[in-house]
A.B. asks: 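Let me begin by handing over the structure; questions about it come next.
Letters A, B, ... are given to chains in the order of the sequence lines, protein chains preceding strands, and every chain is numbered from 1.
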Amino acid sequence: MKNYWLFKSEPDVYSIDDLERDGTTFWDGVRNYEARNYLRDKVKKGDKVLFYHSNCEVPGVYGVCEVVKEGYPDFTQFDPKNKYYDPKSNPNNPTWFMVDVKFVKKLKKPVTLEEIKNNPKLKNIRLVQKGNRLSIIPLTKEEFDEILKMS
DNA sequence: GCCAACGTTGGC
DNA sequence: GCCAACGTTGGC
């Protein structure tokens with residue numbers, strides 16, 4: 001059973017264009033327990049992911065990618081020079097997980113946060129609920145398809 | 001750059 | 001275990 005997700009990224013840090021260039025990437029730096037649980041337990045190979053640009057001029061969904069490697073320990077947590085270093089994490093029982101994704105496509109037209117907010121079919125997505133900061137958001141197939149339809 | 005909302009930390 | 005202080009997220 002395939003799952004559907006929305007992953008947030010700040011385009012200044014890593015954008016859909018970077019993923020198009022790289023082909024695949026590891027999704028590092030998730031340091032929130034709820035998002036971690038999704039990455040560790042629920043995000044499966046073959047799942048489809050909407051690539052969302054946050055904290056930028058026009059926030060919204062800019063592309064699609066696909067999970068190619070399921071949850072494994074995020075190596076940046078053990079690297080003292082990395083900005084995501086977590087000295088409390090034990091290598092024998094890592095706290096933080098990552099997945100790998102591959103580029104699928106860029107949307108011809110991005111679907112902006114404003115458009116998502118204005119679509120009643122999308123009102124249950126955690127992206128648009130008050131104060132939600134979760135960076136790994138589960139979607140239903142219907143929500144995923146609806147957003148693609150809007151592009 | 002501002003600031004509301006939220007998660008985490010740490011003193012007690 | 002409570003909760004104030006603090007840091008971060010992310011829209012605007």
Side-chain angles (χ1 to χ4, degrees), chain A residues 3-22 25-43 47-67 70-101 103-140 142-151:
Chain A
N3 303 300
Y4 298 88
W5 307 94
L6 182 148
F7 287 9
K8 290 183 190 172
S9 181
E10 298 189 25
D12 291 345
V13 178
Y14 198 86
S15 73
I16 188 70
D17 294 309
D18 295 322
L19 182 59
E20 182 174 29
R21 179 196 64 215
D22 295 343
T25 192
F26 46 86
W27 205 270
D28 65 333
V30 173
R31 296 292 181 268
N32 166 282
Y33 285 101
E34 191 176 1
R36 186 283 310 269
N37 292 343
Y38 285 132
L39 289 180
R40 187 188 57 192
D41 305 331
K42 297 282 202 276
V43 178
D47 286 359
K48 292 285 206 275
V49 177
L50 297 178
F51 197 117
Y52 179 89
H53 284 181
S54 67
N55 211 354
C56 58
E57 199 171 343
V58 184
V61 173
Y62 281 72
V64 181
C65 50
E66 181 181 325
V67 178
E70 294 177 13
Y72 63 104
D74 178 342
F75 56 84
T76 63
Q77 69 196 301
F78 305 124
D79 177 0
K81 293 189 293 296
N82 193 287
K83 68 179 280 207
Y84 298 120
Y85 177 56
D86 181 357
K88 295 195 298 300
S89 183
N90 174 356
N92 296 318
N93 184 19
T95 309
W96 307 113
F97 284 71
M98 57 166 52
V99 299
D100 290 357
V101 298
F103 177 80
V104 174
K105 65 173 176 180
K106 271 168 76 171
L107 299 188
K108 287 190 289 290
K109 181 184 83 65
V111 178
T112 66
L113 177 61
E114 191 184 4
E115 290 167 337
I116 293 170
K117 280 182 177 168
N118 288 335
N119 186 331
K121 289 182 190 164
L122 302 175
K123 66 176 190 311
N124 292 324
I125 302 182
R126 291 186 63 180
L127 179 70
V128 298
Q129 288 169 2
K130 187 180 164 189
N132 207 294
R133 294 162 37 179
L134 195 61
S135 63
I136 304 292
I137 296 178
L139 302 175
T140 65
E142 289 70 27
E143 290 161 347
F144 181 92
D145 290 341
E146 180 66 21
I147 289 173
L148 287 187
K149 221 187 294 175
M150 293 161 69
S151 80

A.B. asks: Taking the six-membered ring for Trp, are Tyr4(A) and Phe144(A) parallel (under 30°), tilted (30 to 60°) or perpendicular (over 60°)?
C.D. replies: tilted
A.B. asks: Does the side chain of Phe97(A) come within less than 4.5 Å of Asp74(A)'s, by heavy atoms?
C.D. replies: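 A side-chain contact is absent here, since even the closest heavy-atom pair is not under 4.5 Å.
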A.B. asks: For residues Ser135(A) and Asn32(A), determine if any side-chain heavy atom of one lies less than 4.5 Å from a side-chain heavy atom of the other.
C.D. replies: no
A.B. asks: Just to verify, what does Arg126(A) make a side chain to side chain donor-acceptor pair (under 3.5 Å) with, not counting sequence neighbours?
C.D. replies: Glu34(A)
A.B. asks: Side chain to side chain contact (heavy atoms under 4.5 Å, CB included) with Asn119(A): which of Glu146(A), Glu143(A), Glu114(A)?
C.D. replies: Glu146(A)
A.B. asks: Taking Asp47(A) first and then Lys42(A), would you say they form a salt bridge - that is, a charged N and a carboxylate O separated by under 4.0 Å?
C.D. replies: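 The answer is no: the pair does not qualify as a salt bridge.
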A.B. asks: Take nucleotides 5-11 of chain B nucleotide by nucleotide from the 5' end and write B, S or -, depending on whether a protein heavy atom sits under 4.0 Å from the base, only from the sugar-phosphate, or from neither.
C.D. replies: BB-SS--
A.B. asks: Do the side chains of Tyr72(A) and Phe26(A) get nearer than 4.5 Å, heavy atoms only?
C.D. replies: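 The answer is yes, as the side chains (C-beta and beyond) meet within the 4.5 Å cut-off.
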A.B. asks: Is there a residue in residues 48-57 of chain A whose heavy atoms reach under 4.0 Å of DNA chain C, and which residues are they?
C.D. replies: Tyr52(A), Ser54(A), Asn55(A)
